[in-house]
Amino acid sequence: MDEKGILVEIMKKLQKKYGNMNEVLRVTQEMQDALSRDDRVSMEMLLSMRQKDIDLAADCDGDIRYLLSVLTPEKREQTREWLNHGTAKEEDGFEAVKISEIAGSIRNVLDKTIQVDSRMSRRVAGKDSFYK
């Protein structure tokens, strides 16, 4: 597979991860609703559902790490910059820009999920919450 093909595959994996992370956010919001109703049965079911989507997102991360390992060291570092910091410019190409955009969208969804999860954790655990 050539470099462009690898970047396309990374885009596909990121898009899949984005879908998984949106589902994690949706389920986390449902968990918050279940918590407000003190519905333990729903909470347990939702926790299980959320973990499945987290695992699928982690699988995407593993696939992306593998795809990165196939790139030349220079391209690997450049692609990591796109993934971690959204630094791609138009002159880097369509794939680079999309990688940066999708990775940024994933970070936004993750931030929203952490906010909701943090509120739930503080509500349930108080001062013993994972989030200080």
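Just so you know, residue 1 is the first one in the sequence shown, and it goes up from there.
- Under the 4.5 Å side-chain heavy-atom criterion for Ile, Leu, Val, Met, Phe, Trp and Tyr, V41 and M43 are members of distinct hydrophobic clusters.
- With rounding to the nearest 0.5 angstrom, the CD atom of Q78 is 11.5 Å from the CG atom of L68.
- S100 places a side-chain N or O within 3.5 Å of a backbone atom of A88 that can act as its donor or acceptor partner.
- Counting non-hydrogen atoms of other residues, nucleotides and ligands closer than 6.0 Å to NZ of K4 gives a total of 12 or fewer.
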Stepwise side chain to side chain contact (heavy atoms under 4.5 Å, CB included) test for E30 and S42: CA-CA 9 Å; E30 284 187 32; S42 292; over 6 Å; no
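- Note that the CG atom of L46 and the CZ atom of R26 stand 8.0 Å from one another [nearest 0.5 Å].
- Between the side chains of D55 and Q51, a donor-acceptor pair is found at a separation under 3.5 Å.
- In this structure, W82 and L7 have side chains that are in contact, with non-hydrogen atoms separated by less than 4.5 Å.
- There is a path of hydrophobic side-chain contacts, each under 4.5 Å, that joins L83 to F94.
- With hydrogens and angles left out, the side-chain atoms of S69 and R65 include no donor and acceptor closer than 3.5 Å.
- Hydrophobic clustering (ILVMFWY, side-chain heavy atoms < 4.5 Å, transitive): I102 and Y66 are in one cluster.
- Heavy atoms of other residues, nucleotides or ligands lying less than 6.0 angstrom from CZ of R37 number more than 12.
- Residue pairs meeting the side chain to side chain donor-acceptor pair (under 3.5 Å) criterion with at least one member in residues 84-99, sequence neighbours excluded, are K98-E101.
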Trace of the side chain to side chain contact (heavy atoms under 4.5 Å, CB included) decision for D33 with Q29: CA-CA 6 Å; D33 293 342; Q29 290 167 332; 5.6 Å; no
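- The distance from atom CG of N22 to atom CD1 of I106, rounded to the nearest 0.5 Å, is 9.0 Å.
- Looking at R50 and D117, a side-chain N of the basic residue comes within less than 4.0 Å of a carboxylate O on the acidic one, giving a salt bridge.
- There is no path of hydrophobic side-chain contacts, each under 4.5 Å, that joins L47 to M21.
- Pairing each heavy atom of L35 with each of M120, the nearest pair is CD2-CG, 3.9 Å.
- Taking hydrophobic clusters as Ile, Leu, Val, Met, Phe, Trp and Tyr residues chained together by side-chain heavy-atom distances below 4.5 Å, I54 does not share a cluster with L56.
- The CD1 atom of I64 sits 7.0 Å away from the CD1 atom of I10 when rounded to the nearest 0.5 Å.
- Rounding to the nearest 0.5 Å gives a distance of 10.5 Å between CG of D53 and OG1 of T113.
- Inter-residue side-chain proximity for T28 and Q32 is flagged as unmet; no heavy-atom pair is nearer than 4.5 Å.
- Annotation for L67 and I6: closest pair O-CG2, 3.6 Å, computed over non-hydrogen atoms.
- Annotation: the span from Q115 atom CD to L110 atom CG amounts to 10.0 Å, rounded to 0.5 Å.
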